[in-house]
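Reading through the structure tokens given below for one structure.
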Amino acid sequence: MTDLAYLAAVRESYDRVAADYAEQVKTPAQLDPLSRAMLVAFAEMVRTADVGALADLGCGPGLVTAHLADLGVSAFGIDLSPAMVELARRAHPGLRFTVGSMTELPLEDDELGGILAYYSVHHTPPESLPVVFAEFRRTLAPGGRLMIAGHVGAGERLRPTQAYGGHPVSFESYLLPPDRVAELLEQAGLVVTARMVQEPGEGAKRTVATFLARKPERSGARMPTTPRRHRPGPSAASPSGVPAVPRHR
């Protein structure tokens, strides 16, 4: 798929499944203990760094965004799907939710104290991940924190035809090896500070990896390998998943 084609497929698919997705996806309280603990730890890191707000990219109906706000973080959500954003706004009227793409975030340089991409980068083709990770670096303030969590694998490419109640979908999912994800983050100029890999178990079907990274505080740090892109405004075609790969964008 081309960049525009995969973004359109993700947006249209999640607009179609949004209502059923919101009913079926786990709440933060229903996550496994390690996943809950990682979210709590990440929220503390962002609060301690205190260099800006936290953007939940691929926020879906806003469940994790609201959880982060409850943990004392100034959090807002961005999602590619207008239907998901509308659900999030209705469920959490006190928080800000915006339609946008991780490939071209409607944010200023050095604006964010934190970025959470929670099961939301797996629809991005591997060749486009450098663009997404360069956007993460661009929008994070020096010292800002990043957490990425999602399913990993040996390079599998999944092409489901239905999801969340049998709705037709046209997105694809890419399960990269953890080492490759870490390598791409480092190439984007981010410092990977920790990673956790959870093997399948207790009903889980796939391996999950969580990565913690930060933007260097010194301007002399290694720069991204892809050109920096400067944003116009938000775009409806502008970052949750298949039954085995939740969340999206």
Side-chain angles (χ1 to χ4, degrees), residues 34-59 64-65 67-78 95-96 98 100-121 124 128-150 152 176 178-197 209-234 238-239 249:
L34 281 176
S35 296
R36 295 198 306 270
M38 290 299 290
L39 286 171
V40 171
F42 181 62
E44 182 178 347
M45 291 176 186
V46 175
R47 289 198 314 269
T48 301
D50 194 24
V51 293
L54 187 155
D56 179 11
L57 304 183
C59 63
V64 177
T65 320
H67 179 59
L68 293 168
D70 289 342
L71 292 172
V73 178
S74 176
F76 65 96
I78 297 177
L95 298 177
R96 175 164 61 98
T98 303
S101 171
M102 290 190 290
T103 64
E104 195 170 8
L105 290 167
L107 300 168
E108 298 297 325
D109 293 359
D110 302 334
E111 179 176 341
L112 300 173
I115 289 175
L116 175 68
Y118 205 65
Y119 293 84
S120 60
V121 299
T124 304
S128 296
L129 279 176
V131 174
V132 170
F133 291 169
E135 275 293 87
F136 291 178
R137 188 189 192 282
R138 180 187 70 81
T139 54
L140 279 171
R145 301 287 179 159
L146 168 68
M147 175 172 161
I148 296 177
V152 293
L176 297 184
D179 286 346
R180 180 56 177 156
V181 177
E183 180 183 30
L184 290 170
L185 289 170
E186 294 279 1
Q187 289 176 356
L190 296 162
V191 179
V192 176
T193 58
R195 72 171 92 173
M196 178 180 70
V197 177
T210 302
F211 303 85
L212 297 177
R214 62 177 172 82
K215 181 173 177 176
E217 296 184 12
R218 291 190 295 273
S219 60
R222 176 161 44 90
M223 297 299 290
T225 57
T226 54
R228 292 178 65 175
R229 296 154 57 98
H230 294 279
R231 313 288 63 83
S238 4
R249 263 69 65 221

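Atom CE of M196 sits about 5.0 Å away from atom CG of L34, to the nearest 0.5 Å. Note: M38 CE to M45 CE = 6.5 Å, rounded to the nearest 0.5 Å. Distance check, rounded to the nearest 0.5 Å: OG1 of T139 to CD1 of I78 gives 8.0 Å.
Between L68 and V46 the shortest side-chain heavy-atom distance does not fall below 4.5 Å. L105 has its side chain within reach of L57: a pair of non-hydrogen atoms, C-beta onward, lies under 4.5 Å apart. M147 is listed as a side-chain neighbour of L39, based on a closest heavy-atom distance under 4.5 Å. Residues D110 and P142 are in side-chain contact: their nearest non-hydrogen atoms beyond the backbone lie under 4.5 Å apart. Within the 4.5 Å cutoff, no side-chain heavy atoms of T103 are placed close to those of E135. With a 4.5 Å cut-off on side-chain heavy atoms, F76 and C59 do not count as touching. Looking only at side-chain heavy atoms (C-beta outward), L185 and L146 come within less than 4.5 Å of each other.
A side-chain donor-acceptor contact under 3.5 Å links E186 to the backbone of V192. Side chain of R138 to backbone of L107: a donor-acceptor contact under 3.5 angstrom is found. Proximity of a side-chain donor or acceptor of S128 to a complementary backbone N or O of T124 within less than 3.5 Å is not detected. A distance-only check finds no donor-acceptor pair linking the side chain of K215 to the backbone of G144 [under 3.5 Å]. Using a distance-only test at 3.5 Å, with no hydrogens or angles considered, a donor-acceptor pair links the side chain of T193 to the main chain of L212.
Nearest heavy-atom pair across Y118 and S35 is OH-CB, 3.6 Å. Taking both residues in full, the closest heavy atoms of P106 and G100 are given as CD-CA, 4.5 Å, listed atom of the first, atom of the second, then distance. Residues L140 and G113 share a closest heavy-atom pair of CD2-C, 4.2 Å. Summarising the geometry of G189 relative to P216, their closest heavy-atom pair is O-CD, 3.2 Å, with the distance given to 0.1 Å. Here the shortest heavy-atom pairing between S120 and G58 reads CB-CA, 3.9 Å. Nearest heavy atom pair, residue P178 against residue V152, reads CG-CG2, 3.8 Å.
Of the candidates T65, L112, I115, V73, L54 forms a side chain to side chain contact (heavy atoms under 4.5 Å, CB included) with just one, namely V73.
For R180, the salt bridge (Lys or Arg N to Asp or Glu O under 4.0 Å) partners are E183, not counting sequence neighbours. A search for ring-ring contact (aromatic ring centres under 6.0 Å, His included) contacts involving F133 returns F136, not counting sequence neighbours.
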Can R195 and I148 be said to form a side-chain contact (heavy atoms from CB on, under 4.5 Å), step by step? CA-CA 9 Å; R195 72 171 92 173; I148 296 177; over 6 Å; no
